[in-house]
Amino acid sequence: MLLAAALVTPALARASPAMAQELEPRVYSASPIDTNFVVGTYTRSTGTVSIDPTLPLSNVRPAVDTAALSFFHTFPLAGHTATWAVAIPYVAANITGTIYGRTQATTRNGFPDARFRFAINLLGRALTPAEFARRKPSTTLGVGITAIAPTGTYDPTRLVNAGSNRWSFKPEVGVEVPLSRWFADVAAGVWIFGNNTNYFPGRILRQAPLANYQVHAGYNVPAGQWLALDWGYYAGGATTAGAGKAINPLSNSRYGLTFSQPLGAGLSAKLSWSNWLSGQYGQKFSTIGAALQYRWFNRI
């Protein structure tokens with residue numbers, strides 16, 4: 001049980017160590033209305049976890065595999081382009097650690113909580129696919145909100161679960177600026193967490209807001225590929241269980257690379273890698289990911 005206790009940190013408690021510390025470039029890129037995207041993703045995160053120093057634990061190492069299927073749709077709203085999206089993930093986690101000098105292991109498999117997102121581009125008018133193809137790229141300014149609903153696998157008799165048994169919300173603002181073949185984008189948001197009122201063993205789990213800042217710079221290759229350098233900073237998110245004191249506030253940064261390759265006929269692939277850069281608490285993990293996306297239009 002103490003091994004499981006080591007894993008109740010702000011990220012692994014939400015099933016995937018990359019969930020609240022994702023690095024995602026071009027989230028606020030412009031798109032035409034009446035466009036649909038289906039995206040299948042796979043990520044693997046490995047590394048070490050910083051734990052409560054009062055616990056007799058060391059060398060805690062998680063390996064978390066996450067697969068997700070997402071659907072996006074763009075539509076006109078008040079003359080602008082808006083997007084709604086839904087993502088359904090599945091996670092398989094294997095964790096090892098040393099307790100009182102003995103190595104132990106545990107696993108957790110199941111469905112994490114579903115994610116929903118709404119965003120709108122506040123600059124420029126909504127364009128059809130035909131109009132969008134003729135446009136000159138320009139700066140976008142978007143606002144969005146992501147919601148995580150407590151739909152995942154959850155057992156209150158277990159300390160570590162795939163689901164979180166709480167609502168979470170992230171309001172966010174983002175800008176993307178085209179610079180000839182280069183582009184730059186910046187996003188800032190904050191995760192706001194509801195309480196888990198049925199946390200092991202019968203306690204209430206609370207978490208402070210977690211600020212999330214991202215900066216990306218990239219280059220568009222003439223053949224349609226693009227490559228981005230990613231950086232993110234995360235602050236806050238301390239957790240409190242029952243009447244205990246708040247532990248593990250984050251002050252972390254990460255960096256990474258993302259590469260996108262068109263495959264033709266609305267199909268594209270994306271590869272990503274990110275790594276821990278600095279911070280006192282949290283997860284010193286590396287994440288690799290691959291995604292396959294298919295796009296189609298409702299009208300031309």
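Because only heavy atoms are used, hydrogens play no part in the values below, and waters and symmetry mates are left out as well, while side chains stay in. Throughout, residue positions are numbered sequentially from 1 according to the sequence presented. Because the structure is a prediction, the values reported are computed rather than measured.
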### Task
Report the distance from atom CZ of Arg117 to atom OG1 of Thr83, rounding to the nearest 0.5 Å.
7.0 Å

### CD on Gln261 to CG on Leu271, rounded to 0.5 Å
9.0 Å

### hydrophobic_cluster_shared for Leu210 and Phe169, side chain cutoff 4.5 Å
no

### Message
Determine whether a donor-acceptor pair (N or O, by modelled atom type, separation under 3.5 Å) exists between the side chain of Arg158 and the backbone of Asp155.
### Response
no

### Query
Relative to Phe193, does Arg206 satisfy both conditions: NZ or CZ under 6.0 angstrom from the six-membered ring centre, and within 45 degrees of the ring's axis?
no

## Note on the structure
Between Gly110 and Ala162 the two heavy atoms that sit nearest each other are C-CB, 3.9 Å

### Message
Closer than 3.5 angstrom, by distance alone: can the side chain of Trp276 be matched with the main-chain N or O of Ser278 as a donor-acceptor pair?
### Response
yes

### Query
Any donor-acceptor pair under 3.5 Å linking the side chain of Ser253 with the backbone of Leu277?
no

### Query
Looking only at side chains, do Asn94 and Thr107 share a donor and an acceptor under 3.5 Å apart?
no

### Query
With sequence neighbours left out, what residues match Asn196 under side chain to side chain donor-acceptor pair (under 3.5 Å)?
Tyr154, Asn165

### Query
For the residue pair Phe183 and Trp226, does the interplanar ring angle fall in the parallel (under 30°), tilted (30 to 60°) or perpendicular (over 60°) class?
perpendicular

### Side-chain heavy-atom pair Thr43, Asp65 within 4.5 angstrom cut-off
no

### Contact summary for Gly237 and Gln207, nearest pair of heavy atoms
O-NE2, 3.0 Å

### Query
Heavy atoms, side chains only, cut-off 4.5 Å: are Leu127 and Ile33 in contact?
no

### Query
Can you tell if the side chain of Val39 reaches within under 4.5 Å of the side chain of Leu69, non-hydrogen atoms only?
no

### Query
Are side-chain N/O atoms of Asn121 and Thr140 paired as donor and acceptor at under 3.5 Å?
no

### Message
Taking the side chain as everything from C-beta on, heavy atoms only, tell me whether Trp296 gets closer than 4.5 Å to Val38.
### Response
yes

#### Entry: Atom pair NZ/CG of Lys284 and Asn252 - distance to nearest 0.5 Å
9.0 Å

### Message
Using side-chain heavy atoms (C-beta onward) and a distance below 4.5 Å, is Arg181 in contact with Pro222?
### Response
yes

### Task
Could you please spell out the steps behind the side-chain contact (heavy atoms from CB on, under 4.5 Å) verdict for Arg44 and Val64?
CA-CA 6 Å; Arg44 179 173 176 82; Val64 183; over 6 Å; no

### Query
Out of curiosity, Thr128 OG1 to Asp34 CG, how far, rounded to the nearest 0.5 Å?
8.5 Å

### Message
Tell me whether the rings of His73 and Trp84 are parallel (<30°), tilted (30 to 60°) or perpendicular (>60°).
### Response
tilted

### Message
Side chains of Asp113 and Thr151: any donor to acceptor distance under 3.5 Å?
### Response
no

### Task
With side-chain contact (heavy atoms from CB on, under 4.5 Å) as the test, would you mind laying out the steps for Asp230 and Gln214 before giving the verdict?
CA-CA 7 Å; Asp230 313 313; Gln214 296 189 48; over 6 Å; no

#### Entry: Leu267 side chain reached by Leu292 side chain, heavy atoms, under 4.5 Å
yes

### Query
Which value, rounded to the nearest 0.5 Å, describes the distance between Asn275 atom CG and Ser286 atom OG?
3.5 Å

### Query
Cluster question for you: counting only ILVMFWY and a side-chain heavy-atom cut-off of under 4.5 Å, with indirect links fine, are Trp273 and Tyr42 together?
no

### Task
Give a yes/no verdict on a cation-pi contact between Arg115 and Phe72, requiring under 6.0 Å between NZ or CZ and the six-membered ring centre and an angle within 45° of the axis.
no

### Query
Does Glu172 reach the side chain of Thr146, with side-chain heavy atoms less than 4.5 Å apart?
no

#### Entry: Pair Ser274-Arg254, side-chain donor/acceptor within less than 3.5 Å
yes

#### Entry: Thr197 and Asn195 side chains, donor-acceptor separation under 3.5 Å
no

### Query
Which heavy atom in Leu23 sits nearest to a heavy atom in Gly256, and how many Å separate them?
CD1-N, 4.1 Å

### Task
Would you please classify the geometry between the Tyr233 ring and the Tyr213 ring as parallel, tilted or perpendicular, with 30° and 60° separating the classes?
parallel

### Summary
In this structure, NZ of Lys270 is separated from OG of Ser272 (nearest 0.5 Å) by 7.0 Å

### Query
Looking only at heavy atoms, what is the nearest atom pair of Ala241 and Tyr199, with distance?
CB-CE2, 3.8 Å

### Query
Same cluster for Phe132 and Phe75 if Ile/Leu/Val/Met/Phe/Trp/Tyr side chains link at under 4.5 Å?
no

### Query
Quick one: do the Thr74 and Ser31 side chains pair a donor with an acceptor below 3.5 Å?
no

### Query
Side chains of Asn298 and Asn36: is there a donor and an acceptor less than 3.5 Å apart?
yes

### Query
Would His216 and Glu24 count as a side-chain contact (heavy atoms from CB on, under 4.5 Å) if you check the C-alpha gap in whole Å, the side-chain angles of each, and the deciding distance to 0.1 Å?
CA-CA 8 Å; His216 309 274; Glu24 183 66 28; 5.6 Å; no

### Query
Should Phe259 and Val221 be regarded as members of a common hydrophobic cluster, given that ILVMFWY residues are connected when their side-chain heavy atoms come within less than 4.5 Å of each other, either directly or indirectly?
no

### Query
Would you say Val175 and Tyr219 are hydrophobically clustered, going by side-chain heavy atoms of ILVMFWY under 4.5 Å?
yes

### Message
Side chains of Val190 and Pro171, heavy atoms from C-beta outward: is any pair under 4.5 Å?
### Response
yes

### Query
What closest approach, in Å, do Gly144 and Tyr28 show between heavy atoms, and which atom pair accounts for it?
N-OH, 3.7 Å

#### Entry: Which atom of Phe118 lies closest to which atom of Ala82, heavy atoms considered
CE1-CB, 3.9 Å

